[in-house]
Enquirer: 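Can you read through this structure? Questions will come right after.
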Amino acid sequence: MSDVWSRAGAIAGRGFHYQDAVGAWLCALLLDGRVQGGRLVPEGFEDLHIEGDEHVFIQVKSRQEKRGSFSVNETLGFLEEMWGKHLARDQAGIDPGRLMLVQERAVAGEVFSAIDSVLGELPDSHQLVIGLRGRLSPEDAESLLSRTTLLTLDWQVAQSEAVDAIVALTGAVRGAAEVAERQLRVDIADAADRNANARDAVTAASIDRSFARHRIDQIVGLLDRDALERALVEGVCVPVQFAADVAAEDYYLGTSARPSHIAAGLPAPMPEVVGQAIESMNDGEPVLLTGPSGVGKSTALWSAVYTRRDIVWYQVKRTTPDAIPAIVDLVRAMGSSARNQVGLVVDGVGSGEIVDWDGLREATAHLDGVMLLGSVRHEDLIGVRNRADCAIIEVALTEEIASSLHQNLRQRGLTESAHWREALIESHGLTMEFTYLLTRGQRLQDVLRDQVLERVREGREAELQVLALAATASRWGLPVPISALSAVVDDAGALRRALARLVEEHLVQVANGAVDGLHPLRSRFLSESVHEAPPPSAGATIASLVALIPESGLPALFAGVSRDMAAALPSATEALTHRIRNGGIPDLVAGLRAVRFVDLERRAGRWIEVLDRHNVTPPKRLFAIQLAIVDSDLTELPFPANVTDAVSELREISREPFEELTDLILNVGVDGAATAVFDMRSPREVTELLAVAQGIAAHLLLELVVAIQRLATSGRRIRAFDSEPSLDDLAELLLAAQSFDAGVAEMLLQAAGGASSVVDRLRDRFPWVIHLAVVDGSDGQILFGRLLHVSDELQGSADANSKELARLGIACLPACVSADIATLSADGLPYEIGEHRMGVSTLQRRYLYSQSSVNLNRQTGNFAAARIYEVTATQRVSIGFSGLTLADALLKKLALTWLRGENRPRELEALHRLRVELDALAMQLVPVANSPLSGDQVPMADSLHTLLAGVAVDLPDRLARPANYRALAMYLSDTLVNAARSSENEAWEMIDRDPSELIEYLES
């Protein structure tokens, strides 16, 4: 008998688990007659067995949701195992009875729900029938099929059906029936524990029908029906149900997590956070999960509840003073204890009517068996008074969770993205935004639109006004000061309530005295929804923002409007003109920079048209625009004719005046702009104004020059020179002024003290100057200077000193067209190292650019890149990795072909196909565009493209020309090897691939 008596499960220790839930379910079915038998024995001859006229031997198999269905082979293995135990019992003379396999999940997606059916009723073609007949002898297979029931029983369904049966038997309220069902589980677990020491069925602990009915009646009779019903009827609490629903898939489309999502196995597991929460609750600590809005707090919360679904959980909807006593009465009525725990879950502490977490914690602290779990946003955590009495657990969208979530989306066909890391970075750690970036689902937009329409229906105008401004601004990364909102919502109380409600519903956030969105995506959808039901119109909102936001935000605002809301541009420019006329100089400078983006947006379409018409390949497009911007001479450069022709056309476009910029100067007034040159208090402001103004129409530029000269003649003071500017600031200003107008530059030089003053300041800056003067040359004035060099250690580099003297001198002396700077040794002879003269500069003005003009060109290049390139970092390195793999194969084949001198058509054709395929990939490699407002320049050189294109095209062509092998060697070492090394710096982490071996091979 001991050989067939199962003790392994009991010895391993049983608690509240799936097997106990199945046991309680069977007890309920024994009582209502759906299952026949006398007593239920846990951990006896099987996981569970029922003794009666015909024994039933039950094996129970649980499975986590994330693992999905049981496979057919897994189920066949369980059935084969059960049959082996059956044969052992048969040999021991035990009633063979019936067999039942209860599984928590379906079998390959198929659900078996008939408790009175046997496997023999399945068709002969069924995979289980075929499998059993293949694994067992014909006699054993038919016997198993005729006596075995397979049942799919979800944990939540088992609990719910048991509770339903108890309600039907006793007429008890559902809350009381839940407590009774939970007690039956405790009894099942206790019997399993005792059976660890039982040697046979005679001494085994069990639950019979009489005991089960007595236990139920005992529990129901002790409970306070009114107390159980009060909290539920009044809506203070609701029972937590984990049944999956048909709408559960909306988790991936932007809705907040709810129990059905967890039951369906949709969210990515959060084992670390959930483990911490459960451990703290098991230690008797109240737990608060915290983090920013949208990070996944609700997912973690309901995952923790689901993991401990062996206890009764109620979701608390209110923690107002009148609600807390009802919650306490409910817990007491449930008979909470260490063996009959009751959980209270509070999702969203500090929002709505969930205002008193501390009160709930204090009221339940003295009650045994109460688990308290809540979620709270960072901004609401301050409302929890006694945080030290709680376990505060931070929730974050980690790489592990993001990877798992991405895998779930891929498995369900909800994303085509092969990689997730870039989406994680762009989501700012917010789960909802991360999911949207991967799926581009509609649900996020629908959820936000519903929130806006609810406010429209209820007439919550203050909230709509705030949302229109804050969401529209934050879609372009701009916060709106609360002080500015006060000018729109003049009732301070209404503004305070509106902000509180919007923050509560995760639509905006408040920080540092300003209102901002949670994420540009969320803000974009909110902005679009608000303006679908005007007022306000989009134009009115933009006009208000132009008037309200700090001047530093104007360029970003106009860049965004020109790209995303072009119809609102007239309102924006009108409001900007009004602001500049009534504002200060900072408004003028920022406004000029802002409308320049509008002009660039209009040029973008023309750039693309020219590049398309000349068939300029993607990698060369930005290069062509950059060459046109800097007005490069291409006559001596080896560019293809199509690129040269495109650059010529692009150059003509770049020389055209900016229309919006011209119109703004006209509307503000030339005199106003000229006056600003004199009234600005910083040389850098004047520099920027003169640099930006060079883009206006020629006739207006002349009017502005005349107006400036007129003010200078009248004796108007230049405030930027009230205190002496640094030599570097003066150089920048005069360089920009020289490009603007030579006469204006000379006027500014005189205002700064004249040429003699500059020369004196240069002597002070470079104390080793022994001669410095402005002399006449054939093409104009020359800065002539000689430096004495004694020691690099004392003076620094002679070359650096001479170049810096030439740069500052030419910049600060507008009449100088070049420099003649040389360095002498102590003996008066030219300073030389070996045969090389050192410390010489013959810099020409035409090669000298102000930093302001460089910045403007860089900004234009970034704008161009953002419009002509849409590739992401992930897409770029995916293409690059494929290219490196191809390049590796091509080089190996090329080496064999070249070394062996193979010229068979088949070999050459294969080589050609590889070259064509690699060249096509190289043509897809384009830079990842920066923001148009970024100060980082998109590089003109692309090492990864150079490497792949070189292997595909240049290297094979050069190998075919033996006379140029010396040049080939230099090309390999200087160009391809350096390109390979630089390619190591690409963002390979975006695709979790390491190309180092491929790159090392290419280098070798």
Side-chain angles (χ1 to χ4, degrees), residues 551-552 554-555 576 579-581 583-596 658 661-662 664-666 668-696 700-755 757-758 761 807-816 845 848-859 935:
E551 71 275 357
S552 59
L554 289 173
L576 180 61
R579 174 171 178 161
I580 293 173
R581 285 173 176 169
I585 290 172
D587 291 330
L588 172 62
V589 176
L592 292 174
R593 290 175 54 218
V595 296
R596 187 173 181 272
F658 287 124
L661 193 64
T662 299
L664 183 62
I665 294 289
L666 276 173
V668 171
V670 170
D671 289 340
T675 301
V677 172
F678 290 82
D679 290 349
M680 288 177 169
R681 296 183 178 275
S682 163
R684 296 184 181 183
E685 288 182 334
V686 182
T687 300
E688 185 167 11
L689 174 58
L690 295 178
V692 174
Q694 292 174 45
I696 64 177
L700 192 64
L701 180 62
L702 179 59
E703 289 183 31
L704 181 57
V705 169
V706 170
I708 292 172
Q709 295 284 17
R710 185 170 57 249
L711 288 171
T713 304
S714 70
R716 193 177 186 94
R717 182 170 99 256
I718 298 176
R719 289 178 170 268
F721 294 161
D722 283 352
S723 57
E724 185 177 69
S726 71
L727 205 55
D728 294 286
D729 284 349
L730 182 62
E732 273 297 298
L733 171 56
L734 292 175
L735 266 179
Q738 181 70 11
S739 299
F740 178 78
D741 178 75
V744 170
E746 187 61 34
M747 178 272 293
L748 290 170
L749 172 63
Q750 295 306 316
S757 173
V758 167
R761 294 185 66 183
R807 184 189 71 81
L808 282 174
I810 293 176
C812 291
L813 297 166
C816 288
R845 174 175 291 279
L848 191 58
Y849 299 95
S850 69
Q851 189 59 47
S852 58
S853 65
V854 171
N855 289 341
L856 288 174
N857 287 339
R858 179 176 297 169
Q859 200 173 71

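FYI, side chains are in, hydrogens and waters are out, and symmetry mates aren't considered; it's all heavy atoms of this structure. All of these numbers come straight from a predicted model, not from anything done at the bench.
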Enquirer: Who are the salt bridge (charged side-chain N to carboxylate O under 4.0 Å, His left out) partners of Asp728, not counting sequence neighbours?
Expert: Arg765, Arg807
Enquirer: Kindly give the heavy-atom pair with the smallest separation between Ile810 and Cys816, and that separation in Å.
Expert: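 Nearest heavy atoms, Ile810 then Cys816: CG2-O, 3.9 Å.
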Enquirer: By side-chain contact (heavy atoms from CB on, under 4.5 Å), which residues pair with Ala707, not counting sequence neighbours?
Expert: Val670, Asp671, Ala674, Arg710
Enquirer: For Arg581, give me all partners under salt bridge (charged side-chain N to carboxylate O under 4.0 Å, His left out), at least two apart in sequence or on another chain.
Expert: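 By the salt bridge (charged side-chain N to carboxylate O under 4.0 Å, His left out) rule, Arg581 matches no residue at all.
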Enquirer: Got a sec, which pairs hit salt bridge (charged side-chain N to carboxylate O under 4.0 Å, His left out) with one end in residues 737-753, sequence neighbours left out?
Expert: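 Residue pairs with at least one partner in residues 737-753: there are none.
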Enquirer: Where do Ala811 and Leu735 come nearest, in terms of heavy atoms and distance?
Expert: CB-CG, 3.6 Å
Enquirer: Using every non-hydrogen atom in the two residues, find where Leu733 and Val686 come nearest and quote the distance to one decimal.
Expert: CD1-CG1, 3.5 Å
Enquirer: Got a sec, which residues hit side-chain contact (heavy atoms from CB on, under 4.5 Å) with Ala751, two or more places apart in sequence or on another chain?
Expert: Ile718, Phe721
Enquirer: Among residues at least two apart in sequence or on other chains, which ones pass side-chain hydrogen bond (donor to acceptor under 3.5 Å, both in side chains) with Ser850?
Expert: Ser852, Ser853
Enquirer: Under 3.5 Å, side chain of Asp587 to main-chain N/O of Gly584, donor-acceptor pair present?
Expert: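 Pair found, side chain donor or acceptor close to backbone of Gly584.
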Enquirer: Please give me the minimum heavy-atom distance between Leu749 and Cys812, naming the atom from each residue.
Expert: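 Of all heavy-atom pairs spanning Leu749 and Cys812, the closest is CD1-O, 3.4 Å.
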Enquirer: Excluding sequence neighbours, so at least two apart, what forms side-chain hydrogen bond (donor to acceptor under 3.5 Å, both in side chains) with Arg719?
Expert: none
Enquirer: Determine whether Ile696 and Leu664 satisfy the following criterion, side chain to side chain contact (heavy atoms under 4.5 Å, CB included), listing intermediate values before the conclusion.
Expert: CA-CA 9 Å; Ile696 64 177; Leu664 183 62; over 6 Å; no
Enquirer: Sub-3.5 Å donor-acceptor pair from the side chain of Gln851 to the main-chain atoms of Glu732, do we have one?
Expert: no
Enquirer: What pairs with Arg681 under side-chain hydrogen bond (donor to acceptor under 3.5 Å, both in side chains), at least two apart in sequence or on another chain?
Expert: none
Enquirer: List the residues meeting side-chain contact (heavy atoms from CB on, under 4.5 Å) with Ala676, not counting sequence neighbours, and say none if there are none.
Expert: Ile585, Leu588, Met680, Leu689
Enquirer: Under the salt bridge (charged side-chain N to carboxylate O under 4.0 Å, His left out) rule, what pairs show up with a residue in residues 683-696, not counting sequence neighbours?
Expert: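 Every salt bridge (charged side-chain N to carboxylate O under 4.0 Å, His left out) pair that includes a residue of residues 683-696, provided the two are not neighbours, is Arg593-Glu688, Arg684-Asp729.
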Enquirer: Quick one: do Leu701 and Ile665 satisfy side chain to side chain contact (heavy atoms under 4.5 Å, CB included)? Show the steps, please.
Expert: CA-CA 10 Å; Leu701 180 62; Ile665 294 289; over 6 Å; no
Enquirer: Identify the heavy atoms of Leu554 and Gly591 that sit nearest to each other, and give their distance.
Expert: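 What the structure gives for the nearest pair is CD1-N, 4.4 Å.
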Enquirer: Residues two or more places apart in sequence or in another chain: which of them pass side-chain hydrogen bond (donor to acceptor under 3.5 Å, both in side chains) with Arg761?
Expert: none
Enquirer: Take Gln694 and Leu856 through the test side chain to side chain contact (heavy atoms under 4.5 Å, CB included) and record every step on the way to the result.
Expert: CA-CA 11 Å; Gln694 292 174 45; Leu856 288 174; over 6 Å; no
Enquirer: What's the verdict on side chain to side chain contact (heavy atoms under 4.5 Å, CB included) for Ile708 and Phe740, showing C-alpha distance, side-chain angles and the deciding distance?
Expert: CA-CA 12 Å; Ile708 292 172; Phe740 178 78; 3.9 Å; yes
